[in-house]
Amino acid sequence: MHRIALITGASRGIGAAIARRAASAGYGLALNYARDAAAAESLAAELRAGGSRVVTLQADVADEGQVLHMFERIDAELGPLSALVNNAGIVVPGARLVDMDLARWQRLFEVNVFGALLCSREAARRMSTARGGRGGAIVNISSRAAQLGSPGLYVDYAASKGALDSLTVGLGRELIEEGIRVNGVRPGIIETEIHQTSGFDDAKLQAAAAQIPIRRLGRAEEVAEAVLWLMSDAASYTVGATLDVAGGR
Ligand code: NAP
């Protein structure tokens, strides 16, 4: 059976690694990105050269109109969706709560939480066996921050990922009777460009790596392996679970 996956935030980092791994597993791919069209097109060209069906879709996952248009394009250009990875996410510069403002929290929750809610709703409308769909899988990319809380750094980001973990539990139980398995992954500190936003420079990252039981940062490919397993039928009895991929952190 031909499988179609939407990966949000696929232009780089963990999303791009998931896209490469999904392409090698035979998925047709919808690659979503926000701003970096060149990076998304370059990845799409690489995957097409390997024989994959790929469309690139610019959309801010926090914008309902853009999300609706993105799913309509998937329907028209790729066919029935079978998997969604809610990977698009942002961090914010390190700060203490007393120095944070509402605008920062609004954008963080719009992207990290409302984005996942919007995309999950549209995917469920299409994949639900109760609505004529064929079932499927949703994987939410959370963070170890959800459980560690990130005090003094970004408790707001951690709280947004905690919300995502609750969504994974609730939606997992709500949608399983409609043939949709919802699960999540909590990455630890993974080497991607996201740290440029949080103000974590190389020295801070290496210092953090020394505190991780495995004594190194993670690679995006290592997160992708867990995501692909959760998407696959090999995880057929795994529902509402979130897997730590964090080197023991
Ligand atoms: P990244 O390198 O910064 O990449 C983020 C991706 O998300 C980019 O493709 C970006 O697209 C896209 N994006 C950002 N805002 C978006 C929006 N509003 N709508 C659609 N796409 C949007 O980040 P990453 O490190 O790969 O992180 C991916 C996910 O893993 C995030 O949810 C993050 O919170 C989570 N995570 C990361 C780490 C880590 O250490 N790296 C740890 C735990 C959890 P454009 O470039 O086109 O804007």
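As the structure lists them, so they are numbered: ligands from 1, and atoms in each ligand from 1. Predicted model only: the values in this text are computed from it and were never measured.
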J.: Is D99 salt-bridged to R104, going by a charged N under 4.0 Å from an acidic O?
T.: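 No salt bridge links D99 with R104.
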
J.: My understanding is that only residues two or more places apart in sequence, or in another chain, count here; which of them pass ring-ring contact (aromatic ring centres under 6.0 Å, His included) with Y154?
T.: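 Only Y157 meet the ring-ring contact (aromatic ring centres under 6.0 Å, His included) criterion with Y154.
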
J.: Counting heavy atoms not belonging to R48, are there more than 12 under 6.0 Å from its CZ?
T.: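 Buried by this count: over 12 neighbours within 6.0 Å.
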
J.: Run the salt bridge (charged side-chain N to carboxylate O under 4.0 Å, His left out) test against E225 and tell me which residues pass, sequence neighbours left out.
T.: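 By the salt bridge (charged side-chain N to carboxylate O under 4.0 Å, His left out) rule, E225 matches R21.
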
J.: Can you list, by chain and residue number, every protein residue with a non-hydrogen atom closer than 4.0 Å to ligand 1?
T.: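 The 4.0 Å shell around ligand 1 contains G9, A10, S11, R12, G13, I14, N32, Y33, A34, R35, D36, A59, D60, V61, N87, A88, G89, I90, R107, V111, I141, S142, S143, Y157, K161, P187, G188, I189, I190, T192, E193, I194, H195.
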
J.: Provide the closest heavy-atom pair for I212 versus G247 in the form atom of the first, atom of the second, distance.
T.: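 Heavy-atom minimum between the residues: CG2-O, 3.5 Å.
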
J.: Who pairs with R144 by salt bridge (charged side-chain N to carboxylate O under 4.0 Å, His left out), at least two apart in sequence or on another chain?
T.: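 Listed in chain order: D244.
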
